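See below for the structure under consideration.
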Protein chains: 2
Amino acid sequence: MGRTVGREGKNPTISDVAELAGVSVPTVSRVLTGAAKVSAAKREQVEAAIAELNFRPSAAARVLVSRKSRTIAVIAGNTSRYGYAETIRGIEIAARAEGYTVMITVVESADEDEVNRAVEAVEMQTLAGVVVLKFDPPGVAALNRLGTDRPLVALSGTREAGVPQAVLDEAAAAEELTAYLLGLGHRTVHHVRVPPSRRVDGRTTGWKRALRKADAPVPPVLDATWEPLSGVPIGRALAADPEVTAVFCGNDEIAMGVMRGIAEAGRRVPEDISVVGFDDHPLAELWSPPLTTVEQDFAGLGQRGFALLLESMNDENARRYSSERPRIAFRASAAPPR
Amino acid sequence: MGRTVGREGKNPTISDVAELAGVSVPTVSRVLTGAAKVSAAKREQVEAAIAELNFRPSAAARVLVSRKSRTIAVIAGNTSRYGYAETIRGIEIAARAEGYTVMITVVESADEDEVNRAVEAVEMQTLAGVVVLKFDPPGVAALNRLGTDRPLVALSGTREAGVPQAVLDEAAAAEELTAYLLGLGHRTVHHVRVPPSRRVDGRTTGWKRALRKADAPVPPVLDATWEPLSGVPIGRALAADPEVTAVFCGNDEIAMGVMRGIAEAGRRVPEDISVVGFDDHPLAELWSPPLTTVEQDFAGLGQRGFALLLESMNDENARRYSSERPRIAFRASAAPPR
DNA sequence: GTGAAAGCGCTAACAA
DNA sequence: TTGTTAGCGCTTTCAC
């Protein structure tokens, strides 16, 4: 009595279930996948056996024989920085809702060996598809090396041909934000850039476009790193120049660093200098003064990206592009010049 | 001439490689895994064939037959919030360094169906191991439901028996931080808590311990959500009470919200009220005033967690516990009472 | 050092 | 509706 069916100590397999239920292996498979009809009686026997053995089908075996997988890979240069983390969260939420699992592959640099390692790790897997965060040079490099034999979607800020893509129209938002500052009466707007993914960076492009359209002078671009503190010396330098009355920063963290530098130099935001950022970081609203910035729906970007992937898995003529225009969050860090 | 070896349009398999190289399939396998010796001549032929066909072994087939996998699963209640994102980053870095891939499974709530879904998704996979972020109730619930048949490690702030575990000793750090405030001359320290994972929360425990040891009164605990803005009304309420001179917040984001509330109420930090946080958020140093907080090495926690997992995969008598004491970052948001 | 044979756990194709 | 047969792409015996 009570002897366990199946090999002791091992996970039960589908044939253990079949044996216990008194049916054939394919019938168990039919119950599992729901692909074909099974009589109610047998179905119940099978389900009882599954429950009794606490059976879980082996994903590896399924993938091997069916050549189909419920796993997608996300390739990203980073997983924890705000925009990256939120985008991955959006992908995961959309994927989970459709019963897919997410595998993360980080590409630290655009270094050839590193990119190859990441691409090979992905190509070994049998995957339903791949999403690449084309936010930075490693992401761009990985995308270029990736084979196109499986569904593939890129996520980024600038449109490019080739791979299906979901984007946030950063250039349009940056242009709108810069135009807003000019409209406030500023003669021009200075720009602090975060490390760009390529020669063209949507935020910088939009900024420049707004200045050109307004016939405003285009000051030299200042470069920050991803590190918020890198904005501090830039802010001090900017504060020392009386010509500077408005600054557009490539992201909110840098804007916060720049504001700190301006404060250290004894000048005030927004009374002396207006500062705006990009991304609508969770702390932007809490900052003093609350930061005027661009609401980037990264989680939405991730969700749109997965939707695009899903479409291209099921439909030959799937959409190849999804764009969304971010909105500006008007807060207190920008004001007319005195 | 030029006819491709292998089935057209399909990925090449190991037998295509064997055929092209003029060796048997197992020999190719030996070259791939490096498990057994192969003569230099054959090895070269095989490597040439692999390169020519751009062959990648199928991970699914390998896993099926060898019952070994180079993938680990991470179960987490969240992926994008600071502590979570950094911990996952640490796990991924350590895993990647050892050639492992990370699969993410999010458990949104401690709801039974949701926990079961996540656990089943994990148990279907053939995995080298599982890391659970026991930071919140969903994490705790998932850990409890998870079978113990494969290597498993929990990451959290409070020690418990059972599963091997890496922790940050939050209770000790909280006690030290609270004692520091008392040492500054504050009569007592108020506490704003973030949603706890269980009845016992290390941060709250350490705070209470320090107060008891100093015979200081223990004020009622105030509850915030994970949302930084939830700290604002709490800060206003605290500022209205003249008894309040020092506040210990469950994390930095809440501390920032509380400080904003205090400012809105017209009182100053640290002159009127000292505020300290927990985690050393990237923006804590940039805040005005710079926030005194606890440096939590989440990435290090993740790395230690993976190390524990690796040990328990290879060694029966592996360590079952790794603890680290976070350090306090003394900055300007805490000062003696006036 | 190398190859032949077996089979991992499942689904697909077919026949009944 | 159900069972039989075949085989996914690899690694693992086991001879030689």
Side-chain angles (χ1 to χ4, degrees), chain A residues 5-7 9-47 49-50 53-71 120 123-128, chain B residues 5-7 9-47 49-50 53-71 123-128 149:
Chain A
V5 175
R7 283 87 25 97
K10 285 192 150 204
N11 284 333
T13 69
I14 194 170
S15 43
D16 298 325
V17 174
E19 191 182 326
L20 180 61
V23 301
S24 72
V25 167
T27 294
V28 178
S29 176
R30 287 172 192 122
V31 171
L32 250 26
T33 60
K37 284 177 224 308
V38 174
S39 67
K42 302 223 169 193
R43 152 164 284 115
E44 273 169 36
Q45 289 161 234
V46 169
E47 279 165 353
I50 287 173
L53 295 174
N54 194 235
F55 165 77
R56 306 242 185 283
S58 151
R62 281 187 154 174
V63 161
L64 182 60
V65 63
S66 72
R67 297 144 171 293
K68 280 178 191 132
S69 160
R70 283 285 197 171
T71 298
E120 277 182 29
E123 290 190 336
M124 281 183 59
Q125 308 298 133
T126 304
L127 295 168
Chain B
V5 175
R7 284 89 21 101
K10 285 192 152 202
N11 285 334
T13 69
I14 194 170
S15 44
D16 297 326
V17 175
E19 192 182 326
L20 181 61
V23 301
S24 72
V25 166
T27 295
V28 178
S29 175
R30 287 172 191 122
V31 171
L32 250 27
T33 60
K37 284 178 224 310
V38 174
S39 69
K42 304 222 167 193
R43 153 165 284 116
E44 274 170 35
Q45 290 162 233
V46 169
E47 279 166 353
I50 288 173
L53 295 174
N54 193 235
F55 166 78
R56 307 242 185 283
S58 150
R62 282 188 152 174
V63 160
L64 183 60
V65 62
S66 71
R67 297 145 172 293
K68 280 175 192 134
S69 161
R70 283 286 198 170
T71 298
E123 290 190 336
M124 282 184 58
Q125 307 298 132
T126 304
L127 295 168
D149 48 340

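Quick caveat: nothing in here was measured; it's all calculated off a predicted structure. Numbers restart at 1 for each chain; the letters A, B, ... are given by sequence-line order, proteins then strands.
Atom-to-atom, CD of Q125(A) to C1' of dG9(D) comes out at 14 Å; the value is rounded to the nearest Å. dG9(D) atom C1' lies 15 Å from atom CG of L53(B), rounded to whole Å. We find that CZ of R43(A) is positioned 9 Å from P of dT2(D), with the value rounded to whole Å. The interatomic distance linking E19(B) (CD) with dG3(C) (C1') rounds to 16 Å, in whole Å. As rounded to whole Å, 13 Å separates atom C1' of dC10(D) from atom CG of D16(B).
When the side-chain nitrogen and oxygen atoms of S58(B) are compared with OP1 and OP2 of dG9(D), none of them lie within a distance under 4.0 Å. One finds a side-chain N or O of S39(B) lying less than 4.0 angstrom from the OP1 or OP2 phosphate oxygen of dT2(C). At dT11(D), none of the side-chain N or O atoms of S66(B) fall inside 4.0 Å of OP1 or OP2 (strictly under the cut-off). Between K37(A) and dT2(D) there is no side-chain polar atom (N or O) within less than 4.0 angstrom of OP1 or OP2. Close to dC10(D), at under 4.0 Å from its OP1 or OP2, lies no side-chain N or O of R62(B). For S29(B), a side-chain nitrogen or oxygen approaches OP1 or OP2 of dT11(D) to under 4.0 Å. Residue K68(A) places no side-chain N or O under 4.0 Å from the OP1 or OP2 atom of dT11(C). Phosphate contact (OP1/OP2 of dA12(C), side-chain N/O of R67(A), threshold under 4.0 Å): absent. Between T27(B) and dT2(C), a side-chain N or O to OP1/OP2 separation shorter than 4.0 Å is absent.
If you check dG3(D), dG9(C), dC8(C) against the side chain of L64(A), the one that comes closest is dG9(C). Taking only side-chain atoms of V23(A), from C-beta outward, the nucleotide of dC10(D), dG3(D), dA5(C) with the closest atom is dG3(D). Between dC10(D), dT11(C), dT4(D), one nucleotide has an atom nearer to the side chain of T13(B) than all others, and that is dC10(D). Listed nucleotides: dT11(D), dC10(D), dG9(C). Nearest to the side chain of F55(B): dC10(D).
Each of Q45(A), K42(A), E47(A) was evaluated against V31(A); a single residue qualifies, E47(A), per the side-chain contact (heavy atoms from CB on, under 4.5 Å) test.
Counting non-hydrogen atoms under 4.0 angstrom, V25(B) reaches a base of the nucleic acid. Using a 4.0 Å heavy-atom criterion, one finds that P57(B) contacts the sugar-phosphate atoms exclusively.
Using a 4.5 Å heavy-atom threshold, the side chains of Q125(B) and T71(B) count as separate. Side-chain contact between V38(A) and V46(A) is absent, with no heavy-atom pair separated by less than 4.5 Å. The shortest distance between side-chain heavy atoms of V17(A) and L32(A) does not fall below 4.5 Å.
You'll find a donor-acceptor pair under 3.5 Å spanning the side chain of R30(B) and the base of dG3(C), going by distance alone. For dG9(C), its base never sits under 3.5 Å from the side chain of R56(A) at any donor and acceptor pair.
A60(A) approaches V63(B) most closely through the heavy-atom pair CB-CG1, 3.6 Å.
Residue whose closest nucleotide on DNA chain C sits further toward the 5' end, between I14(A) and V38(B): V38(B).
Considering OG1 of T13(A) and CG of L53(A), their distance stands at 9.0 Å, rounded to 0.5 Å.
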